[in-house]
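Step one of this worksheet: look at the structure below.
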Amino acid sequence: MAPRIQIRKAPQRWLTPAGGYLSGYSHTLNPYVGCAFGCSYCYVREMPVGRFREEAWGSWADVKTVDEKRFRAEWKREKAKGPLLLFFGSATDPYQPAEIRHEVTRSLLRLMAEDPPEFVLLQTRSPLVVRDTELIRLFGDRIRVSLTIETDSEDARKHFTPAAPPLQARWHAAEQLRAAGIPYQLAVSPLLPHTPAFAERLAAAAGRIVVDDFFRGDGSMGKRTERLGLRASYSAFGEPELYAPETADRFYSRLAALMPAGAVFFGQEGFRP
C-alpha cells in the first residue's frame, strides 16, 4: 500500500540546531516529515513525530514546500553566525519515494550549492541519490554521501526493512558514486543479520565504512530499540543470539582487518563532519 502523501506549507525554519549524537554538526536538515521506508528499527519511531501520530510509521510522509526566498534568507542568516556543518536526513530519508515527484531534496541541494556550507553529510539508503550526481559534485569535498547497506541478505532486508530499496540497487549506487568521484561512505547502520561474505563485499565497495548497532547507535544506549521489539524480531528471524553488542564488535574487527588503517569507523565517530 502506497504511503499517504501530504503537502505542508513552507516551514518557518529549515535548519535545526544539532546536538547529542550529532555533536560536531551545527544543524540538521530534513526535507520531509515521516518516512515511507518505515524501517522496523528506526529510532524516529520513538520520537514525538513517530509516537503521537495516529497513522503507523511508514504509512505517511509529509512534503515540505520550498520557499526559495525564505530559505536563502535563513541560509544567509545562519551562515553569518558561523560555519554551517549539516547532517542532511537525521529524521527522514531525503530520497524516499516522494522525492521522485516532489524533488524537495534536489531543490534544497541546488539552493545550498549557490553558497556551499562548510560540510554536509547526506544520509540515505536509496539509490535515487545518484540522480543528483551532477548537483552533488558541485560541493566538491564539502559533501559526503552516506549510503546505508545494513546487510547483504535479502531475507534479512525483507524481514527488518521490507519497504526499503533492494540491496542490489544500493550496491550499484555505490559503484556509480565511486565512478562519479563523489565522496561517500557505506553505513552498516545498524548491522543486521548477514552472510559470511558481507565484510569482504563491503571492503571491495568503498574506501570508508562505518559500523553501528542498536545498542550504541539509537541515541539512548539501546533503550529506544528495545521498546521497538527488535529482540523479538531477531527471534522471529531465527537468530536471537545475534541481538547483542558483541555481534557488531566482532564484525567491526573483521572489517578493520580487511581494510587500511583509518578506513573503518564505529558509531558516532563515523558520522562526524
Side-chain angles (χ1 to χ4, degrees), residues 18-25 28 30 34-51 56-58 87 89-93 96 121 123-126 146-165 167 170 185-196 198-199 201-202 206 208-256 264-272:
Y21 191 81
L22 299 181
S23 60
Y25 288 92
T28 62
N30 290 288
C35 184
F37 291 150
C39 300
S40 63
Y41 53 74
C42 183
Y43 65 87
V44 185
R45 287 175 175 266
E46 278 294 301
M47 296 173 69
V49 68
R51 295 186 66 186
W57 183 255
F87 194 107
S90 62
T92 190
D93 196 302
Q96 62 181 289
L121 186 131
Q123 176 62 52
T124 184
R125 68 188 63 243
S126 174
S146 183
L147 180 64
T148 298
I149 301 182
E150 320 96 310
T151 177
D152 62 340
S153 164
E154 269 295 309
D155 288 341
R157 197 272 303 171
K158 291 175 181 177
H159 179 78
F160 292 96
T161 63
L167 297 171
R170 290 189 245 174
Q185 68 179 20
L186 294 183
V188 188
S189 177
L191 177 66
L192 295 177
H194 51 275
T195 78
F198 188 33
R201 187 167 187 184
L202 286 166
R208 179 185 170 100
I209 298 172
V210 55
V211 178
D212 212 345
D213 65 4
F214 301 110
F215 307 95
R216 289 153 285 190
D218 72 350
S220 66
M221 296 305 294
K223 294 178 182 178
R224 285 175 177 160
T225 305
E226 190 70 27
R227 292 194 295 267
L228 291 174
L230 266 293
R231 188 181 299 275
S233 189
Y234 266 71
S235 294
F237 190 67
E239 299 196 52
E241 72 284 355
L242 295 182
Y243 189 74
E246 293 77 19
T247 301
D249 291 339
R250 289 192 298 267
F251 186 80
Y252 172 83
S253 296
R254 169 62 179 152
L255 194 56
V264 185
F265 301 83
F266 194 98
Q268 187 180 24
E269 181 185 13
F271 293 100
R272 291 190 188 278

I want to check something: taking the side chain as every heavy atom from C-beta on, are Q185 and L121 in contact at a cut-off of under 4.5 Å?
yes

Heavy-atom pair of closest approach, residues T247 and L242
OG1-O, 2.8 Å

Taking the six-membered ring for Trp, are F271 and F265 ring centroids under 6.0 Å apart?
no

Flag, side chain of D155 to backbone of K158, donor-acceptor distance under 3.5 Å:
no

Students often mix this up, so state it plainly: with edges at 30° and 60°, are the rings of H159 and F237 parallel, tilted or perpendicular?
tilted

Any ion pair linking E269 and R272 (charged N to carboxylate O, less than 4.0 Å)?
no

Q123-T148 side chain donor-acceptor pair, cut-off 3.5 Å
yes

Side chains of Y252 and I209: closer than 4.5 Å at any heavy-atom pair?
no

I want to check something: taking the side chain as every heavy atom from C-beta on, are V188 and V210 in contact at a cut-off of under 4.5 Å?
no

Looking only at atom types and distance, does a side-chain atom of T161 sit under 3.5 Å from a main-chain N or O of A164, one as donor and one as acceptor?
no

According to the interplanar angle, ranging from 0 to 90°, do the rings of F160 and Y234 count as parallel (below 30°), tilted (30 to 60°) or perpendicular (above 60°)?
tilted

Could you please spell out the steps behind the side-chain contact (heavy atoms from CB on, under 4.5 Å) verdict for R125 and E150?
CA-CA 9 Å; R125 68 188 63 243; E150 320 96 310; 2.4 Å; yes

Suppose we screen for side chain to side chain contact (heavy atoms under 4.5 Å, CB included). Which residues come up paired with A91, at least two apart in sequence or across chains?
N30, V44

Is the shortest heavy-atom distance from the side chain of R157 to the side chain of L192 under 4.5 Å?
no

SB check D152 R170 (cutoff 4.0 Å):
no

